[in-house]
There are 2 protein chains.
Amino acid sequence: MSKKTTIYDIAAKLNITAATVSRALNGNSKISESTRKLVNETAKEMNYEQNKLALALKSGKSFNIGVIVPRIDSNFFASVIRGIEEELHPHGYHVIICQTHDQDTVEIENINSLLNAQVDGILMSISNSKLETDEHFQKLLKKGVPLIFFDRRKEISGVSSVTIDDFKGAYTATQHLIDQGCKRIAHLSNNREIQIFKNRYLGYKQAIIDNGLEFDEAIVIETMSKVLEGRKTTKQLLAMEKPPDAIFSSSDFTALGAIEEIKAHGLKIPEDISVVGFSNEPFTRFMELSITSVDQSPIEMGRITAQVFLEEAKNSKKIKSEKQVILSPELIIRDSSLKSTIVSEK
Amino acid sequence: MSKKTTIYDIAAKLNITAATVSRALNGNSKISESTRKLVNETAKEMNYEQNKLALALKSGKSFNIGVIVPRIDSNFFASVIRGIEEELHPHGYHVIICQTHDQDTVEIENINSLLNAQVDGILMSISNSKLETDEHFQKLLKKGVPLIFFDRRKEISGVSSVTIDDFKGAYTATQHLIDQGCKRIAHLSNNREIQIFKNRYLGYKQAIIDNGLEFDEAIVIETMSKVLEGRKTTKQLLAMEKPPDAIFSSSDFTALGAIEEIKAHGLKIPEDISVVGFSNEPFTRFMELSITSVDQSPIEMGRITAQVFLEEAKNSKKIKSEKQVILSPELIIRDSSLKSTIVSEK
DNA sequence: CTGTTAGCGCTTTCAC
DNA sequence: GTGAAAGCGCTAACAG
């Protein structure tokens, strides 16, 4: 438990002052080469290590940034965080993780606690909640702490965001199904108060309309991103008078449930019913009947979110220009929707 | 960008001293009820918020703990981190994430950088490397910073660890295959310089021997935890003069590769060849032919790791009693190894 | 009960 | 080129 050595210790040993040591260590220009060398050497000798906490208190920069996500054990969020960490690490930043579990009270609490910890910025995906107030976000802005949304954003003036084009992803997926000859495409939706789900719905709808197909609200069902919910909902669809010949799901998990249910009914995929999911979760690739899905390039999203932060951090004092990066999603076509015999991407 | 209010601001306003404010805010016993109330009110009015950085510098406790993992976008590590975060959060700790990508140089760098950031402890899974030196770990111990290993540990006196009983997990899995009538069980192993893989190998071997089966080193193959590697290795196995009738893999990914390869050879699972994986990755459950695997209860592992840390943090000054928690793995039997007609867990 | 003082470790004017 | 001194925001020992 050896006490940590400070610049005072090494100053004392060298009969100089702490200020000089500090300067020498920081490569200040006006310091003699000899003392610089001496200081550096003894610093190494005494195993000196800078206390970032003191620096942080002094400078007001902690070099910590907070990342808030609903939960971390989802491939999507974990991958985004990976991207963030990899991008920020070379710049000396540490990444603090908080989970909200989709509870807005926890979200607010997390923001406050990160603020107390003096983080230099907050990158977050908002929780799935009905909360109307912007108060906690405004507080961040007022304090001048950069706030950046990724994926699940909220429309707030002055706040940058990095998202994918969910509309386009959904449109492309639906168009693909139509190109495969599907005529009655159902949509498994989700809480449409969240932008991403709303946009997926809108993209789907637009593709239907643009292709002159009948848009039928009856086969758009709001459900939750769970395998079992997917099964239940699909059961409803199959029991209809005019069942669909394709399902576009806003989640890979409900898509999986749909597939299970369709098979249980003795129907063939993709011949009888085609299925497309969203998110490109790892398992969609591993399935024997692999699932077509929309990739969101989460690592890339994380990296870019980090870059946007770095930029804002640099221009701290200037007018904060709100920046909205919209990534392009990629449709990964696999077995569950490919009727032709051409070999699909695996 | 309103300047943050400090206790001095509120002291000034009330014509009292900062110390008093501090005491009032912290519920010090010897303070008049009236001033306490007054302070608390004006604090709220002025939107006062404690600067944890100053507290940290003063007290030497940052209430940050570092978590180092090879990578975060693996379900296992993400789940462990989830457990850690959930357990530590109520105690006021923040979790800082670092990734090593299995490079020991990065591991050392991460430890140093966390140390500079004055974390109150480090929880980690060591990287897959051949590094022999303990130097960086000893440094932590010398500084009195609690260090706790989870899953991938190293034998270091004075360092606690939370792991699962890999030997038992492997033994149980192998025994299960034997119980299903398998007589020639291959093992897809991994770098056995890492304890977990070594123990899985040893558990497998022991089960073979205890059941009077022939132990054949020729069907124990060291490979990497990738689907494609699993395919390659399985191809080798199937080409042998005496191919195995079961495969116990130390990884779910190689198990998946094995399954793909076995099917490609027109063989039936589990009738011709049974397969068991390790880790209970989410996809093993989702497969149409679901994969038997050994569950490591990662969230639980994270929670317990956090608890061990909290305990050590409490007894900081006392003799640090090294603690080794060994969790019991659970075999989840699914389609890939269940020959009987009983319905398996899905 | 409350004020005074000092100090956590570092950087940064301002002198010399 | 280097020293002296102040200050980041907070707490705690010592007075009174």
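Here is how names work: the chains are called A, B, and so on, in the same order as the sequence lines, proteins then strands, and each is numbered from 1.
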Measure the shortest side-chain to side-chain distance between A:Q118 and A:N64 over non-hydrogen atoms and say whether it is less than 4.5 angstrom.
no
Under the side-chain contact (heavy atoms from CB on, under 4.5 Å) criterion, do A:N26 and A:N28 qualify, and how do the steps go?
CA-CA 6 Å; A:N26 291 313; A:N28 187 307; 5.5 Å; no
Consider side-chain hydrogen bond (donor to acceptor under 3.5 Å, both in side chains). Of B:R82, B:H89, B:E85, which one does A:Q99 pass it with?
B:E85
Sugar-phosphate, base or nothing in reach of A:I16, heavy atoms under 4.0 Å
sugar-phosphate
Does the plane of the ring in A:Y93 sit parallel, tilted or perpendicular to the ring in A:F63? Use 30° and 60° as the thresholds.
tilted
Under the criterion side-chain contact (heavy atoms from CB on, under 4.5 Å), I'd like the reasoning laid out for B:M124 against B:I111: C-alpha separation, chi angles, the key distance, then a yes or no.
CA-CA 10 Å; B:M124 69 182 292; B:I111 290 180; 4.3 Å; yes
Looking at B:S125 and B:F150, would you say the former's side chain and the latter's main chain have a donor-acceptor pair under 3.5 Å?
yes
Give one of base, sugar-phosphate or nothing for B:I31, where a contact means two heavy atoms less than 4.0 Å apart.
sugar-phosphate
By nearest-nucleotide position on DNA chain D, the 5'-leaning member of A:K58 and B:A19 is A:K58
Would you please test B:E312 and B:S160 for side-chain hydrogen bond (donor to acceptor under 3.5 Å, both in side chains) and show each step?
CA-CA 9 Å; B:E312 286 201 11; B:S160 296; 2.7 Å; yes
Here's a test of your reading of the structure: between B:R23 and B:N51, which maps to the more 5' nucleotide of DNA chain D?
B:N51
Are any side-chain N or O atoms of B:T20 and backbone N or O atoms of B:I16, one a donor and one an acceptor, separated by less than 3.5 Å?
no
Base, sugar-phosphate, or nothing: which does B:T17 touch, judged by heavy atoms less than 4.0 Å apart?
base
Enter the inter-axis angle for the ends of the helix from C:dC1-D:dG16 to C:dC16-D:dG1 (five pairs per end, rounded to 10°).
40°
Going by heavy atoms in the side chains, are B:L327 and B:I304 under 4.5 Å from each other?
yes
Between B:R36 and B:S59, who's closer to the 5' end of DNA chain C by nearest nucleotide?
B:R36
Residue pair B:E107, B:F137: steps toward the side-chain contact (heavy atoms from CB on, under 4.5 Å) verdict:
CA-CA 10 Å; B:E107 180 172 300; B:F137 297 129; 3.5 Å; yes
Span of DNA chain D engaged by chain A, first through last nucleotide within the 4.0 Å heavy-atom cut-off, is D:dG1 to D:dG9
Can you tell me if B:K154 has over 12 outside heavy atoms packed within less than 6.0 Å of its NZ?
yes
Using a heavy-atom cut-off of 4.0 Å across all strands, would you classify A:T6 as base, sugar-phosphate, or nothing?
sugar-phosphate
Extract, from 5' to 3' on DNA chain C, the first and final nucleotides lying under 4.0 angstrom from some heavy atom of chain A.
C:dG9 to C:dT13
